[in-house]
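First up is the structure itself, then whatever we jot down about it.
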Amino acid sequence: MSGDDLRRLGAGIYAQWTALWNGELELAEKIMAPDFTLRYAQANTEAFDAVRTPAGLAEIIGAWRRSRTDLRFAAEGEAVVDLTLVDGAPTGLVARPYLASFTGEDGGTVARSGTDTLRIAGGLITEVWSVSSGAAGRTFYR
């Protein structure tokens, strides 16, 4: 597999991660390792950090989306992909900025940006580091 193929593969994994957050909850079982770690570098994210299973992640994303029905995530910029094949499966890191938007209490659009870094082993996401919008991002998870 060429470097370009690995970059496309990494961008595809990130696209599935984004689709999961956009409500395609069945993807959790497909892209997440059976046991993984989430690290959200924001206040009010403790519930996310405590999730360790694909089913738990699908459950918390579903609940969060029910409270913000128009929430939409979109990948932005270029993915930074550092993957190699280990025993035929992609292993390494994929990072990419994202934009999340939803309707605020005043009826206006609220937009928050951030960056997610995905650690992949055996073709599955084993760890995620996520940072959202600095001080403004802290209110995003309430």
Side-chain angles (χ1 to χ4, degrees), residues 1-105 108-142:
M1 186 173 278
S2 73
D4 285 343
D5 291 335
L6 286 169
R7 280 188 287 284
R8 279 191 291 279
L9 181 62
I13 293 170
Y14 192 93
Q16 290 179 312
W17 169 251
T18 302
L20 170 62
W21 283 90
N22 281 327
E24 294 183 36
L25 303 179
E26 69 281 357
L27 286 172
E29 293 291 340
K30 179 179 178 184
I31 66 172
M32 303 304 296
D35 182 51
F36 55 82
T37 302
L38 301 178
R39 301 179 190 279
Y40 282 74
Q42 297 289 336
N44 302 312
T45 60
E46 294 80 8
F48 292 92
D49 289 343
V51 173
R52 294 287 182 266
T53 66
L57 182 59
E59 181 180 322
I60 198 168
I61 291 172
W64 196 46
R65 292 191 60 77
R66 283 189 290 280
S67 69
R68 290 198 170 123
T69 57
D70 66 340
L71 179 61
R72 177 80 182 129
F73 289 87
E76 293 196 311
E78 294 293 321
V80 176
V81 178
D82 183 14
L83 292 177
T84 58
L85 293 180
V86 175
D87 296 327
T91 299
L93 298 170
V94 176
R96 192 166 192 177
Y98 67 84
L99 178 68
S101 58
F102 59 95
T103 303
E105 292 177 7
T109 298
V110 177
R112 296 287 185 257
S113 62
T115 300
D116 285 347
T117 301
L118 314 177
R119 181 178 306 280
I120 298 164
L124 298 172
I125 299 170
T126 59
E127 183 178 24
V128 177
W129 284 84
S130 186
V131 180
S132 302
S133 295
R138 293 186 183 112
T139 60
F140 186 58
Y141 293 98
R142 289 187 188 149

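All residue numbers refer to positions in the sequence shown, counting from 1. These numbers come from a predicted model, not from an experiment.
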Query raised in the report: Does the side chain to side chain contact (heavy atoms under 4.5 Å, CB included) test come out yes or no for Arg96 and Asp116, once each step is laid out?
Result: CA-CA 6 Å; Arg96 192 166 192 177; Asp116 285 347; over 6 Å; no
Requested in this report: State whether the number of non-hydrogen atoms from other residues, nucleotides or ligands found under 6.0 Å of Glu26 atom CD is greater than 12.
Outcome: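 Enclosed.
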When rounded to the nearest 0.5 angstrom, what distance separates [atom1] in [X] from [atom2] in [Y]?
X     : Y      : atom1 : atom2 : result
Arg72 : Phe102 : CZ    : CZ    : 15.0 Å
Thr18 : Glu24  : OG1   : CD    : 10.5 Å
Arg65 : Leu71  : CZ    : CG    : 5.0 Å
Phe73 : Leu99  : CZ    : CG    : 9.5 Å
Ile13 : Leu124 : CD1   : CG    : 8.5 Å

With distance as the sole test, does [X] use its side chain to make a donor-acceptor pair with the main-chain N or O of [Y] at under 3.5 Å?
X      : Y      : answer
Tyr14  : Ala79  : no
Ser132 : Gly114 : no
Arg66  : Gly62  : yes

Report task. List for me each residue that meets side chain to side chain contact (heavy atoms under 4.5 Å, CB included) alongside Glu78, sequence neighbours excluded, and say none if there are none. Result ->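 For Glu78 there are no side chain to side chain contact (heavy atoms under 4.5 Å, CB included) partners, ignoring immediate neighbours.
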Sequence neighbours excluded, which residues qualify as side chain to side chain donor-acceptor pair (under 3.5 Å) partners of [X]?
X     : answer
Arg7  : Asp4
Ser2  : Asp5
Thr84 : none
Asp87 : none

Where is the tightest heavy-atom contact between [X] and [Y], given as atom of each residue plus distance?
X      : Y      : result
Leu9   : Pro90  : CD2-CG, 3.5 Å
Thr117 : Ala95  : OG1-CB, 3.6 Å
Leu27  : Ala19  : CD1-CB, 3.6 Å
Arg39  : Glu127 : NE-OE2, 2.6 Å
Thr91  : Ala121 : OG1-CA, 3.9 Å
Phe36  : Pro54  : CE2-N, 3.4 Å

Query raised in the report: Going by the side-chain hydrogen bond (donor to acceptor under 3.5 Å, both in side chains) test, which pairs reach into residues 47-58, not counting sequence neighbours?
Result: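 Checked against side-chain hydrogen bond (donor to acceptor under 3.5 Å, both in side chains) - neighbours excluded - no pair reaches residues 47-58.
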Report task. Output, in order, the C-alpha distance, side-chain angles, deciding distance and verdict of side chain to side chain contact (heavy atoms under 4.5 Å, CB included) for Met32 and Trp17. Result -> CA-CA 9 Å; Met32 303 304 296; Trp17 169 251; 3.8 Å; yes
Query raised in the report: Considering the options Leu118, Leu20, Ile120, Leu57, which one meets the side chain to side chain contact (heavy atoms under 4.5 Å, CB included) requirement together with Ile31?
Result: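 Output: one option passes, namely Leu20.
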Query raised in the report: Less than 6.0 Å separating the ring centroids of Phe48 and Trp21?
Result: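 Yes; Trp21 has its ring centre under 6.0 Å from that of Phe48.
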